[in-house]
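Okay, structure first, notes after.
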Amino acid sequence: MVLLKSIPKVDKFISNKEFETMAHSLVASISKRILQELRESILNNEINEIDEKILIEKVKNEYEEITRPSLQKVINATGVIVHTNLGRSLINEKAFLKAKDIATSYNNLEYDLKKGKRGERYSHISKVICETLGCEDVLIVNNNASAVFLILNTFAKNKEVVVSRGELVEIGGSFRVPDVMSSSGAILKEIGTTNKTHLKDYENAISENTSMLMKVHKSNYSIEGFTSEVSFQDIIEVANKNDLINYYDMGSGHLIDLPYGLDQGEPSVLKYMQDKPSLLSFSGDKLLGSVQAGIIVGKKKYIDQLKKNQLLRMLRVDKITLALLEENVTSILLGNLDEIPTLKMLFKTIDELKNNASILENSLNNLCQKEVCKTRICETQTVIGGGTTPNKKIPTVALALKIKNYKPNKIEKLLRAKNIIGRIENDEFLLDFRTIQEDEIKLIENIIKEICDE
Ligand SMILES: *Cc1c(COP(=O)(O)O)cnc(C)c1O
């Protein structure tokens, strides 16, 4: 094994001039690994010569791979507004700059500027949320999943929580209501059947060990046909009569009236608050259009109890989240819906979308004349997504794009390689303008031109 003796010594190898400007310890750990692999390949008779240049190249490539940012910007041309895989809701520039200011300087996160002593983390947001929603108090946690967990753990440990069988949902990321319930210590009391649950099912299920009547939003499915479900309003009434807590895990809570008749059967948080529920929770980054967070609203006496649970310390949110949420909810309170990208996209008219689509179409005119690509503006449908309004479509405008004689899935792949995510519908590749931002159109144009030139 002459070859084994020629394996470069680590110390000498990493002192190579090629690595001069790179982080020394990272080069060392990668090099050790690569030289070890080389040793194994030699022992397995897989190679018969050692080329130091190739080894150096290997180290450099791996170094690049590790240090290159993995989390990257993409263009969402799928038309799905609250796209869970693509980061759900966008944060607008104004809110981001405010949060940047808070995050890059000291701030009054837990300091009362008036009294000059310790203050409360959650106080900053409570005024604006309570004013917007008409609730007594509010608590913000890491996400809505943790809101559900905290509420069940605080009020229903070893006690029964009554839930309709038709609402025992599994949402993405393996969040299953029955499992969350058992991990929180609560005992699930299922009532009704898959398609029908009546008010008297709730009434009959109440026993000495009941702590809560809970409703869960059917976020990603709908039950149709011979069905009946009990409204949260009615559940509140039964709970109050029996001195029990009522709680609605609303999933995606919206504060404004939704367009395209999406409101049907999906009242806003404001409407629910008129019936003074004990507790209601929803996500910060679904239809609210802000940052990842779980927003718990309701009666002060229950929020106070939640604040005493040790778990809250593990679920608490950072100053950046609070800064973004405060800014976004203030925009909604002031009616500046344009400042919430999720809502701005939802409310775009067909004419605005057509206009944007034709900007891109016109810029590709030259290529179309040379017959390297072909475009067609089409009116079609999309969904909001993110478990917001299941099975409900909204109108949209897309640019169907054909490049050379490529198949739609090849075009999809080529654009995805440049971080543009589109969709295929009826054997056509579509760029959906419901979710394309105005300042992205030029970039898309350039990338399509690049692909056509290849
Ligand atoms: C989305 C959703 C959750 C989880 O919310 P996250 O903010 O993603 O943690 C919980 N319950 C329902 C009904 C949901 O739709």
Side-chain angles (χ1 to χ4, degrees), residues 80-91 125 129 138-153 156 161 163-184 186 188 190 197 212-223 229-232 235 246-255 258 262 265-269 272 277 279-298 306 311-312 314-318 320-322 324-325 328-329 342 383-392:
V80 180
I81 300 176
V82 184
H83 200 307
T84 303
N85 301 153
L86 304 182
R88 281 201 189 161
S89 278
L90 308 187
I91 299 295
I125 193 94
I129 291 195
V138 56
L139 184 61
I140 311 296
V141 288
N142 183 49
N143 54 15
N144 188 38
S146 40
V148 176
F149 193 83
L150 179 67
I151 289 170
L152 293 173
N153 180 267
V161 177
V163 190
S164 159
R165 279 206 172 82
E167 294 171 3
L168 294 173
V169 310
E170 169 174 328
I171 57 166
S174 70
F175 178 95
R176 296 175 135 191
V177 171
D179 299 348
V180 173
M181 214 169 262
S182 62
S183 340
S184 74
L188 171 63
E190 293 176 45
T197 302
M212 183 187 291
L213 306 187
M214 180 182 182
K215 188 170 175 64
V216 183
H217 185 253
K218 294 197 281 286
S219 297
N220 45 14
Y221 65 105
S222 57
I223 300 178
E229 76 173 86
V230 179
S231 71
F232 187 43
I235 293 174
N246 59 77
Y247 166 44
Y248 186 17
D249 168 14
M250 201 179 163
S252 165
H254 52 283
L255 308 190
L258 300 176
L262 292 170
E266 306 259 3
S268 70
V269 182
Y272 285 121
L279 293 165
L280 182 150
S281 75
F282 55 99
S283 292
D285 57 349
K286 289 186 182 171
L287 267 177
L288 183 70
S290 185
V291 66
Q292 179 190 304
I295 300 167
I296 306 170
V297 291
L306 291 173
L311 257 179
L312 181 60
M314 294 149 233
L315 307 175
R316 77 177 190 187
V317 289
D318 180 56
I320 301 178
T321 299
L322 289 171
L324 291 168
L325 208 51
N328 291 149
V329 177
T342 296
V383 293
I384 301 182
T388 54
T389 45
N391 294 349
K392 289 189 180 157

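Both counts, for ligands and for their atoms, begin at 1 and track the order of listing.
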Any side-chain to backbone donor/acceptor pair from [X] onto [Y]? Under 3.5 Å, distance only.
X	Y	answer
Asn143	Ser146	yes
Asn220	Glu170	yes
Ser219	Thr388	no
Glu167	Lys218	no

Checklist entry - Going by the atom numbers of ligand 1, which of them fall below 4.0 Å from some non-hydrogen atom of Phe175? => result 10 (C), 11 (N)

Item to check | Numbered atoms and elements of ligand 1 in range of Ser283, under 4.0 angstrom, heavy atoms | outcome: 5 (O), 6 (P), 7 (O)

Item to check | From Lys286, Gln292, Arg88 - option closest to atom 8 (O) of ligand 1 by heavy atom | outcome: Arg88

For the 3.5 Å polar cut-off, considering only N or O atoms, please tell me whether [X] and ligand 1 meet it.
X	result
His217	no
Ser252	no
Ala145	yes

Next on the checklist: side-chain hydrogen bond (donor to acceptor under 3.5 Å, both in side chains) for Glu266 and His254? Distances and angles first, verdict last.
Outcome noted: CA-CA 9 Å; Glu266 306 259 3; His254 52 283; 5.6 Å; no

Checklist entry - Out of curiosity, is Val148 lining ligand 1, as in a heavy atom under 4.0 Å away? => result no

Checklist entry - Would you call the rings of Tyr272 and Phe232 parallel, tilted or perpendicular, where under 30° means parallel and over 60° means perpendicular? => result perpendicular

Item to check | Mode of Ser219 contact toward ligand 1 - side chain, backbone, both, neither (heavy atoms, under 4.0 Å) | outcome: side chain

